[in-house]
Amino acid sequence: MAGRAAIVANHARPGVDDALRRVVATLREWGWESRVEPLAADVGDGPIEWDSVEADLVVTLGGDGTLLHTARRLAGKPIPIFGVNLGGLGFLTAASPANLDERIDAVLSGRAGVEDRMTLTAEIVRDGRVVARHTALNDAVVHKGGSPRVVRLALSVDGAPLGAYPADGGILAT
């Protein structure tokens, strides 16, 4: 089944050009169209506009950070993301340069399943007003920044209060 793929490549990573050539060639072999999108950090803070691409798949080339940044930008859009690790850890990515061809063939042939991931939304509320809202795939970190004072963090899930804590910060994970 052919489709359309958007590719987000972190050009700061060694090996990205080779991985990009391999991904584009494999997509072409399977009859897929592909388009390389700018790394999310290059296009401002808003979501990537995928309307012109109508992607059936997004391929990220970089590391976990590239995948997480792209996932945040795609929040709410039901587009699967296939991550290729060109970095250090790669615990969220599905492939490495060593197994890239095998893994992307499995995805394009339908042999690989799609794993749904939970996301969370973190809001910063000051004086009853939401001053920042971010969606996260893996975790959200809230900290006091450069302030020497302890902050009071109030935690709620789906609007139900769970508690308030004085702390230097907190990590909420899916």
Side-chain angles (χ1 to χ4, degrees), residues 3-20 22-24 26-27 34-100 102-104 106-108 112-125 130-146 153 155-158 167-174:
R4 285 177 256 181
I7 304 168
V8 178
N10 181 347
H11 290 283
R13 293 285 184 181
V16 73
D17 292 332
D18 178 58
L20 181 58
R22 290 168 61 191
V23 167
V24 169
T26 302
L27 288 166
S34 62
R35 175 174 161 180
V36 179
E37 297 292 329
L39 182 62
D42 295 339
V43 294
D45 291 330
I48 297 171
E49 294 299 329
W50 295 103
D51 296 337
S52 63
V53 177
E54 296 180 9
D56 301 301
L57 173 69
V58 174
V59 178
T60 63
L61 305 173
D64 289 339
T66 306
L67 187 144
L68 288 168
H69 200 84
T70 301
R72 184 171 51 247
R73 305 303 280 278
L74 290 172
K77 297 187 184 328
I79 302 172
I81 300 171
F82 175 78
V84 179
N85 181 36
L86 302 172
L89 292 176
F91 66 92
L92 294 175
T93 54
S96 68
N99 64 15
L100 173 58
E102 169 192 331
R103 296 281 171 94
I104 197 163
V107 168
L108 298 175
V114 174
E115 185 178 314
D116 288 326
R117 297 284 181 106
M118 179 189 310
T119 59
L120 55 89
T121 301
E123 294 179 339
I124 305 296
V125 180
V130 175
V131 296
R133 176 179 291 127
H134 299 283
T135 301
L137 174 65
N138 195 45
D139 59 19
V141 178
V142 179
H143 59 88
K144 64 184 181 152
L153 302 175
L155 178 64
S156 64
V157 175
D158 293 331
D168 291 336
I171 300 173
L172 306 170
T174 57

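Because the structure is predicted, anything quoted here is derived from the model rather than measured. Count residues from 1 along the sequence.
Here the side chains of Arg103 and Val84 are not in contact, with every heavy-atom distance at 4.5 Å or above. Contact annotation: the side chain of His11 approaches that of Leu20 to within less than 4.5 Å [non-hydrogen atoms, C-beta and beyond]. In this structure the side chain of Val131 never reaches within 4.5 angstrom of the side chain of Val125, judged on heavy atoms. Side chains of Leu108 and Leu27 form a contact here, defined as non-hydrogen atoms less than 4.5 Å apart. Considering only heavy atoms from C-beta on, Val23 comes within 4.5 Å of Ile104 through its side chain. Side-chain contact between Thr70 and Leu68 is absent, with no heavy-atom pair separated by less than 4.5 Å.
Applying the side chain to side chain donor-acceptor pair (under 3.5 Å) test to Glu115 and every residue at least two apart in sequence or in another chain returns Arg117. Among residues two or more places apart in sequence or in another chain, the salt bridge (charged side-chain N to carboxylate O under 4.0 Å, His left out) test is passed with Asp139 by none. Under the salt bridge (charged side-chain N to carboxylate O under 4.0 Å, His left out) criterion, Asp168 pairs with Lys144, sequence neighbours left out. Under the rule for a side-chain contact (heavy atoms from CB on, under 4.5 Å), the partners of Leu153 that lie at least two apart in sequence or sit in another chain are Val142, Val151, Ala167. For Ala122, the side-chain contact (heavy atoms from CB on, under 4.5 Å) criterion is met by Ala140, not counting sequence neighbours. Legend: residues meeting side-chain contact (heavy atoms from CB on, under 4.5 Å) with Val157, ordered by chain and number and at least two apart, are Leu162. Partners of Ala98 under the side-chain contact (heavy atoms from CB on, under 4.5 Å) rule, at least two apart in sequence or in another chain, are Ser96.
Among Thr66, Ile7, Asn10, the one residue that satisfies the side-chain contact (heavy atoms from CB on, under 4.5 Å) test with Leu61 is Ile7.
In plain terms, the two heavy atoms of Leu100 and Phe82 that are nearest each other are CD1-CE2, 4.0 Å. The shortest heavy-atom contact between Thr60 and Gly83 is OG1-CA, 3.3 Å. Minimum heavy-atom separation, Ala6 to Glu37: CB-CG, 4.0 Å. Annotation for Ala55 and Val58: closest pair CB-CG2, 4.5 Å, computed over non-hydrogen atoms.
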Original post:
Yes or no on side-chain contact (heavy atoms from CB on, under 4.5 Å) for Ile79 and Leu57, after CA distance, side-chain angles and deciding distance?
Top reply: CA-CA 6 Å; Ile79 302 172; Leu57 173 69; 5.6 Å; no
Original post:
What do the steps show when you test Ile81 against Leu67 for side-chain contact (heavy atoms from CB on, under 4.5 Å), and what is the final call?
Top reply: CA-CA 8 Å; Ile81 300 171; Leu67 187 144; 4.1 Å; yes
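Interatomic distance, NE2 of His134 versus CZ of Arg72, reported as 8.0 Å (0.5 Å rounding).
Each salt bridge (Lys or Arg N to Asp or Glu O under 4.0 Å) pair with one or both residues in residues 78-88, not counting sequence neighbours, would appear here, but there are none.
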Donor-acceptor contacts, no H, no angles, side chain residues 85-93, under 3.5 Å, sequence neighbours left out:
{"residue": "Asn85", "atom": "OD1", "partner": "Gly87", "partner atom": "N", "Å": "2.9"}
{"residue": "Thr93", "atom": "OG1", "partner": "Gly90", "partner atom": "O", "Å": "3.0"}

